[in-house]
Amino acid sequence: MSTYLHKTRITTAVIALLFILLGSISGCSNTHTANQNATSLYDEIGGSKTLNTVFGVAINRIYKDPVIGHYFNGVPKSHLRKQLVSQTCELIGGPCVYEGKAMLETHKDLNIKEREFYILVEYVQDAMRDVGLTYQQENQILQKLAPIKYETIYL
Ligand code: HEM
């Protein structure tokens with residue numbers, strides 16, 4: 001085989017490889033996006049805009065609650081909202097990575113009672129309903145938050 005032909009074949013192989021690589025990268029991201037669009041509860045409910053509204057509404061009520069409101073004295077609403085949105089976003093298949101404090105560490109010295117936990121959950125549930133989430137979406141989100149109960153309450 002002549003050197004020229006040899007070089008041409010190598011060049012063709014390199015170009016083909018590049019096309020395959022680029023194809024698989026873009027194919028991969030397309031599939032990824034398609035899957036996320038098709039399956040994520042996060043996208044289904046309207047993403048971070050909806051979560052921000054839900055937690056904004058819930059937090060305003062929680063801070064005024066006569067039983068649990070006092071826990072939040074000195075906790076900036078915007079901070080708590082940002083962390084709850086990010087945590088829930090991650091839990092329901094959104095693109096977020098929760099980078100806030102660990103749940104056990106955050107709540108362990110607060111001595112939160114079980115019934116107080118349920119008061120908070122009810123505010124979140126009411127806010128989801130008020131914002132227009134379906135009963136099914138509401139339940140799916142609550143199911144994701146439920147296991148956190150044992151990291152927040154004092155038993
Ligand atoms: C499923 C239930 C709960 C979830 C998902 C949750 C989640 C969170 C998150 C993400 C933070 C922010 C952590 C950070 O600053 O990085 C936080 C902080 C806090 N949570 Fe909860 N929480 C829950 C239940 C409760 C309950 C029942 C109470 C009280 C009644 C409570 C009181 C607080 C307080 C006072 C803070 C602020 C702590 C501080 O900044 O020192 N949480 N929680």
Side-chain angles (χ1 to χ4, degrees), residues 14-65 68-155:
V14 170
I15 292 171
L17 207 69
L18 269 175
F19 270 106
I20 291 167
L21 208 69
L22 283 173
S24 71
I25 290 168
S26 66
C28 216
S29 66
N30 282 344
T31 318
H32 188 57
T33 316
N35 280 345
Q36 274 195 340
N37 286 343
T39 57
S40 124
L41 176 59
Y42 172 82
D43 283 328
E44 192 189 306
I45 65 162
S48 75
K49 192 170 182 285
T50 304
L51 287 179
N52 266 294
T53 313
V54 166
F55 285 113
V57 168
I59 285 171
N60 277 336
R61 295 171 182 169
I62 289 166
Y63 275 52
K64 285 190 213 138
D65 183 88
I68 64 167
H70 70 92
Y71 284 107
F72 300 90
N73 287 341
V75 180
K77 281 185 182 176
S78 57
H79 169 76
L80 189 64
R81 171 154 84 164
K82 182 171 164 270
Q83 301 297 53
L84 280 167
V85 167
S86 159
Q87 185 186 45
T88 311
C89 160
E90 183 176 352
L91 287 172
I92 64 172
C96 321
V97 176
Y98 174 67
E99 285 170 344
K101 293 188 219 152
M103 288 297 91
L104 198 59
E105 202 52 41
T106 306
H107 299 90
K108 75 174 168 31
D109 295 326
L110 297 175
N111 287 350
I112 300 166
K113 324 278 177 300
E114 190 169 27
R115 69 183 182 92
E116 294 175 325
F117 170 85
Y118 286 115
I119 294 175
L120 180 135
V121 169
E122 211 171 314
Y123 280 118
V124 176
Q125 193 173 11
D126 287 348
M128 289 195 280
R129 207 162 300 165
D130 291 347
V131 166
L133 267 60
T134 66
Y135 182 68
Q136 202 192 5
Q137 291 166 338
E138 193 187 296
N139 275 341
Q140 280 176 281
I141 294 175
L142 289 177
Q143 265 173 35
K144 296 283 185 188
L145 294 175
I148 297 173
K149 173 180 169 185
Y150 298 102
E151 293 178 303
T152 63
I153 61 168
Y154 173 78
L155 288 171

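All residue numbers in this chain count up from 1 along the given sequence.
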### Task
Walk me through it: do Lys144 and Leu41 pass the test side chain to side chain contact (heavy atoms under 4.5 Å, CB included)?
CA-CA 11 Å; Lys144 296 283 185 188; Leu41 176 59; 5.8 Å; no

Measure the spacing between [atom1] of [X] and [atom2] of [Y] and express it to the nearest 0.5 Å.
X	Y	atom1	atom2	answer
Ile119	Glu116	CD1	CD	6.0 Å
Leu84	Ile62	CG	CD1	7.5 Å
Gln140	Leu91	CD	CG	13.0 Å
Gln87	Leu51	CD	CG	11.0 Å
Gln125	Ile141	CD	CD1	11.0 Å
Leu110	Tyr154	CG	OH	12.5 Å

Is any side-chain heavy atom of [Y] closer than 4.5 Å to one of [X]?
X	Y	value
Gln137	Met128	no
Gln136	Asn139	no
Thr88	Phe55	yes
Ile92	Ile45	yes
Arg61	Asp130	yes
Val121	Leu142	yes

For residues [X] and [Y], report the shortest heavy-atom separation together with the two atoms involved.
X	Y	result
Glu99	Ser86	N-OG, 4.3 Å
Phe72	Leu120	CZ-CD1, 3.9 Å
Val124	Val54	O-CG1, 4.3 Å
Arg81	Asn52	NH1-O, 3.0 Å
Lys49	Thr53	O-OG1, 2.9 Å

Under 3.5 Å, is there a donor-acceptor pair between the side chain of [X] and the main chain of [Y]?
X	Y	result
Glu151	Met103	no
Tyr123	Asn60	no
Thr152	Lys149	yes
Lys113	Asn111	yes
Tyr42	Ser48	yes

#### Entry: Other residues, nucleotides, ligands: >12 heavy atoms within 6.0 Å of Lys82 NZ
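Counting neighbours around NZ of Lys82, 12 or fewer heavy atoms of other residues, nucleotides or ligands fall under 6.0 Å, so no.
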
